[in-house]
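Data first, discussion second: the structure below is written as structure tokens.
Please read these numbers as outputs of a predicted model, since none were measured by experiment.
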Amino acid sequence: MRNIVFPIIGVFFGIVMYKSEAASWFRIYEMFNFQSIHMYGLMGSALIVGIIIVQFIKRNNIKDINGNPIVIADKDKSISRYLIGGILFGLGWALAGACPGPMFVLTGAGYFPILIVIFGAVLGTWIYGMLRHKLPH
């Protein structure tokens with residue numbers, strides 16, 4: 001019964017993304033052409049809220065639903081890996097017109113050609129998993 005919370009949160013997240021037009025190809029196109037601040041404001045506010053929540057969790061030793069402490073490990077600092085990864089992610093986002101969250105929102109909204117993009121994303125993730133040990137990290 002506890003697991004029912006996750007689909008409810010997912011549906012709520014999808015509705016918010018759809019209503020805020022975060023899944024709109026036109027909004028994403030405007031963002032990449034620097035024609036509108038809509039998506040930058042949306043992502044910037046999400047970033048600020050995320051920073052506040054992570055700091056709250058770290059400083060107050062918050063526990064998960066099972067009583068285990070939530071541990072958020074520090075990440076390795078490396079400019080090249082984030083630069084290359086960010087460029088690849090951004091190119092995929094620009095070409096597809098959607099990042100992973102909105103891909104599923106668009107499917108739920110009835111835009112079924114996005115299933116081709118989801119298939120490509122899953123295939124790319126699988127290929128990365130196969131090649132991960134050969135790549136510099």
Side-chain angles (χ1 to χ4, degrees):
M1 189 64 181
R2 255 193 287 183
N3 291 335
I4 193 71
V5 173
F6 300 114
I8 292 170
I9 291 171
V11 168
F12 177 72
F13 178 70
I15 291 169
V16 169
M17 285 197 71
Y18 190 75
K19 290 295 187 179
S20 68
E21 296 184 354
S24 168
W25 182 88
F26 298 106
R27 288 290 186 186
I28 294 167
Y29 180 78
E30 287 176 342
M31 177 187 69
F32 281 112
N33 282 320
F34 301 104
Q35 295 173 337
S36 174
I37 196 166
H38 181 87
M39 291 295 285
Y40 294 111
L42 191 72
M43 288 186 290
S45 61
L47 180 66
I48 291 168
V49 169
I51 290 170
I52 291 169
I53 290 172
V54 167
Q55 291 304 313
F56 180 78
I57 290 170
K58 284 184 171 183
R59 292 181 182 169
N60 294 308
N61 298 322
I62 303 295
K63 297 185 186 326
D64 67 12
I65 198 163
N66 296 320
N68 301 319
I70 298 173
V71 178
I72 302 171
D74 292 331
K75 301 205 181 227
D76 295 334
K77 294 189 175 31
S78 170
I79 293 175
S80 62
R81 73 190 258 185
Y82 293 116
L83 190 62
I84 293 168
I87 289 170
L88 289 174
F89 184 81
L91 286 173
W93 190 7
L95 289 171
C99 66
M103 289 189 314
F104 294 99
V105 172
L106 290 170
T107 302
Y111 297 99
F112 297 116
I114 200 72
L115 291 172
I116 297 167
V117 177
I118 292 173
F119 174 76
V122 170
L123 180 65
T125 303
W126 181 74
I127 291 170
Y128 171 76
M130 298 297 288
L131 300 175
R132 184 171 190 255
H133 64 280
K134 296 179 181 177
L135 298 171
H137 283 96

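Between Tyr40 and Phe34, the angle of the ring planes stays under 30°, which puts this pair in the parallel group of the 30/60° scheme.
What you find for Glu21 and Met39 is that their closest heavy atoms are O-SD, 4.2 Å. The shortest heavy-atom contact between Gly90 and Phe32 is O-CZ, 4.0 Å. The minimum heavy-atom distance linking Ala23 with Leu106 is given by the pair O-CD2, 3.3 Å. Of all heavy-atom pairs between Ala98 and Trp93, the closest is C-CD1, 3.2 Å. The heavy-atom pair separating Ser20 from Leu42 by the smallest distance is OG-CD2, 4.0 Å. Across Ile114 and Met103, no two heavy atoms sit closer than the pair CG2-O, 3.6 Å.
Hydrophobic clustering (side-chain heavy atoms under 4.5 Å, transitive across Ile, Leu, Val, Met, Phe, Trp, Tyr) groups Leu91 together with Leu83. Under the 4.5 Å side-chain contact rule for hydrophobic residues, Tyr82 and Leu88 do not share a cluster. Following chains of ILVMFWY side-chain contacts shorter than 4.5 Å, one cannot reach Val105 starting from Val11, and the two form parts of different hydrophobic clusters. Cluster annotation: Ile28 and Val16 are assigned to distinct hydrophobic clusters (Ile/Leu/Val/Met/Phe/Trp/Tyr, side-chain heavy-atom contacts under 4.5 Å, transitive).
Atoms CD1 and CG, from Ile118 and Leu123 in turn, are 13.5 Å apart once rounded to the nearest 0.5 Å. Rounded to the nearest 0.5 angstrom, Lys19 NZ and Ser24 OG are separated by 13.0 Å. Note that NE2 of His38 is 8.5 Å distant from CD of Glu30, once rounded to the nearest 0.5 Å. Of the inter-residue distances, the one linking Met31 atom CE with Ile37 atom CD1 reads 12.5 Å to the nearest 0.5 angstrom.
Residue pairs meeting the ring-ring contact (aromatic ring centres under 6.0 Å, His included) criterion with at least one member in residues 104-127: none, sequence neighbours excluded.
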Could you give the side-chain donor-acceptor pairs of residues 49-63 under 3.5 Å, partners two or more places apart or in another chain?
| unit_1 | atom_1 | unit_2 | atom_2 | d |
| --- | --- | --- | --- | --- |
| Asn60 | ND2 | Phe56 | O | 3.1 |

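By the neighbour-count criterion of 12 heavy atoms within 6.0 Å, atom CD1 of Ile116 is sparsely surrounded, having that number or fewer from other residues, nucleotides or ligands. Counting heavy-atom neighbours within 6.0 Å of Ile65 CD1, excluding the residue itself, gives a total of 12 or less. Residue-environment remark: CD1 (Ile79) stays at or below the threshold of 12 foreign heavy atoms within 6.0 Å.
Residues Tyr29 and Ser36 are not in side-chain contact: their nearest non-hydrogen atoms beyond the backbone lie 4.5 Å or more apart.
Side chain of Asn66 to backbone of Asn68: no donor-acceptor contact under 3.5 angstrom is found.
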